[in-house]
Structure formats: C-alpha cells, structure tokens
Amino acid sequence: MSLLVVGSIAFDSVETPFGKVEEAIGGSAMFFSASASYFTDVKLVAVVGEDFPEAEIDFLQSRDVDCQGLHRKEGKTFRWEGKYGFDLNEAITLDTQLNVFGDFHPELPEDYRDAKSVFLANIDPELQLEVLEQVRDPDFVAADTMNYWIDGKRDALEAVLARVDMAVINESEARKLADESNMVQAARAIQKLGPRHVVIKRGEYGALCFADDEICFAPAYPLESVFDPTGAGDTFAGGLLGYLSRQGQFRPRDLRQATVLGCVMASFCVEDFSLESLRELDFNIIERRFEKFQRLVNFEPLELLDE
Ligand code: AMP
C-alpha cells in the first residue's frame, strides 16, 4: 500500500548543548520520507525553493521516494531555527520563515489521488486539508501538528482532526491541544476531536499509543549519546506509518509493533545531526535494533515461590 505524505522540507539551524548546525537539511516530510522509505513506497508532496540542493532530491529518489509531487518554486526554501537545552525533549523555536510555503497550494499528481494511506506531517493545517480533499478514498489517514499551528490555526486543525484515523503528536502539544495535563485524559480528549487512535511522542521517554481503548507503551532506546533530537518525531512517524502501510493492517497488534518501530527509527535519527543516520540503514540493522527493544521490555511472568 503506498503512503502519501505532505509536510515541510526545510533548512534547519539547530543548537544543542553538544553542537550547532546551520542550514542542515530537514523538515517534517524529509525525515518522514527517509524513515518510511525503509518499509514502503512513499509519495511526497512538498515545496522547495531555488536554493534547495538537487542532490537531496536524488537522495530521496535513490530511496524510491516518488518526487512527482515535490514542487520547486521561485524563492527560498522554508527555514526553521531552534535550540534545545539539556532537556532534549523540548525544542524552542527561535525563528520560522515560511518562504515558498507561504503561498503554496498543492496539486496532487493523478496517481497520488488513489493513495490508500496518508500522513499529514507537521505543516499548515489548511494545506493538510487541501491534500485530504484531493485524495479519493484512503483507508488510513494520520496527522501530526505543533504548537505553532495549535496557537495560530486552531479551527483548521480541528477540521483536520475530525477527518483522520490517527493523531501523532508530542506530549507538550497534546497537553496544549487538549488543555489537559494528564496524558491519558489528554489522549481521550483528542480522540473526541476525531481520531480513533492517538499516539503521543514522549522524547527520551518513548511513546504511548492509545488504539481505540487499548493503551500500549514503547520505550525510547537508551543511547549513550544523543546528538540532535531534531526530526525524531517525524522519523518516528515514518517508522510507524511506513510499517502500517506496508502491512496494510491496522489491528491493535499492528499498532503496537508500529509504535515500537517508530521508536526504533527515531533512535537512529538522534544519533547524528540532521538526516545523516537515516541515509544508509538497511532492514537487517533495523531488525536487530527491534530485537534489542524486545529484550528491553521483556520480563518474566510473576511466580510466587513457596515460603
Ligand atoms: P520534530 O520531528 O518534531 O523534531 O520536527 C522537526 C522538524 O519540523 C524540523 O526539521 C523543522 O524544519 C520542522 N518544522 C519546524 N517548525 C515547523 C512548522 N511550523 N511547520 C512545518 N514544519 C516545521
């Protein structure tokens, strides 16, 4: 089942306590596509400016990402500047320049319109809606968002949420969206806005998946060094949706495995700056880390010994 994604492609300038990078390749759709491409065929909808390197489009194509829906427009590519303190779970946005995204209206290539699974990555919810309008009969739609849009385009965002099967959102954004500090209650409140399933990304504390009324938890992989958390959320979503779309099944067991695969892919992402660690993975490496996750959360059944 091919997977359509719409989202941002960006130059990211990021500072963490461990280093700094100027204008690295990023954006929600970029991380998502690279990650999901290890599981399924991805059809990308996004826009870049004249300054975006052709080599990065070649990279996506080398991963079999369909770039027919990637538009190049006059002007500059979207830019995001952020920093992280020692708490790498929370990015502080310093600057957002929409540039070519400012007046972008995606026109889907004809063969994108029959996509069966769709991921509306973090982007202006009005654009997410425009894409949804053009997809004919999807089986599964998921959406992400962030504070910037929760504050600035609440109505459009609620219209998106009313039409999706799954929200994939980080913890602080879930609190803000639901106006609720308890995570279980926040997820339930978001489910009331539309999505049957809510996946909450919790940075170094892993992810919670509320699939209908079942809850499952996947840890984050305990790495010795986390370099740059930028893109971890989108990479997580790429593993999650990439796997679901490949399997074409959305049962609770598939959602559990997909949540773990999301954490597996995010664990690679944070080991290096930008997209670097997602460029040359292979399925064996992914599978080996998945097995490490299994060992991480596997415990023996409770058996009381005779006194
Ligand atoms: P995350 O996966 O949550 O770390 O998302 C990081 C990515 O989101 C970065 O590569 C940014 O370029 C992108 N981003 C930041 N702000 C926005 C925004 N307002 N709209 C779309 N994408 C954004």
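Order of listing sets the numbers, starting from 1, for every ligand and every atom in it.
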One residue to check: [X]. Relative to ligand 1, which of side chain, backbone, both or neither has a non-hydrogen atom less than 4.0 Å away?
X      : answer
Asp12  : side chain
Met146 : side chain
Phe236 : neither
Ala91  : neither

Give a yes or no on whether a salt bridge exists between [X] and [Y], defined as a side-chain N under 4.0 angstrom from a carboxylate O.
X      : Y      : answer
Arg113 : Glu107 : yes
Glu54  : Arg72  : yes
Lys153 : Asp124 : yes

Number the atoms of ligand 1 from 1 as they appear, then name those within less than 4.0 Å of a heavy atom of [X], with their elements.
X      : result
Ala232 : 2 (O), 4 (O)
Gly27  : 9 (C), 10 (O), 12 (O)
Gly26  : 10 (O)
Ala10  : 12 (O)
Trp149 : 18 (C), 19 (N), 20 (N)

Could you walk me through whether Arg246 and Asp41 pass side-chain contact (heavy atoms from CB on, under 4.5 Å), step by step?
CA-CA 8 Å; Arg246 180 200 179 97; Asp41 295 334; over 6 Å; no

Between ligand 1 and [X], is the shortest N or O to N or O distance under 3.5 Å?
X      : result
Ser8   : yes
Gly231 : yes
Phe31  : no

Identified side-chain hydrogen bond (donor to acceptor under 3.5 Å, both in side chains) partner of Lys201 from the options Asp234, Asn170, Asp144:
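Among Asp234, Asn170, Asp144, the one meeting side-chain hydrogen bond (donor to acceptor under 3.5 Å, both in side chains) with Lys201 is Asp144.
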
Which option out of Asp228, Asn147, Asp234 puts a heavy atom nearest to atom 1 (P) of ligand 1?
Asp234

Heavy atoms only: which of Thr77, Leu275, Asn122 is nearest to atom 21 (C) of ligand 1?
Asn122

So is Phe11 close enough to ligand 1, meaning a heavy atom under 4.0 angstrom away?
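For ligand 1, residue contact (heavy atoms, under 4.0 Å) with Phe11 is absent.
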
Check each of Val6, Val47, Val131, Ile9 against Ile123 using the side chain to side chain contact (heavy atoms under 4.5 Å, CB included) test, and report the only one that passes.
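Exactly one candidate clears the test, Val6.
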
Taking the ring of Phe227 and the ring of Phe18, is the distance between their centroids below 6.0 Å?
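No; Phe227 has its ring centre 6.0 Å or more from that of Phe18.
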
Quick one: sort the Phe78 and Phe101 rings into parallel, tilted or perpendicular, breaks at 30° and 60°.
perpendicular

On the 0 to 90° scale, with breaks at 30° and 60°, tag the Tyr243-Phe39 ring pair as parallel, tilted or perpendicular.
perpendicular

Measuring only between side-chain heavy atoms, which start at C-beta, is Arg154 closer than 4.5 Å to Leu177?
yes

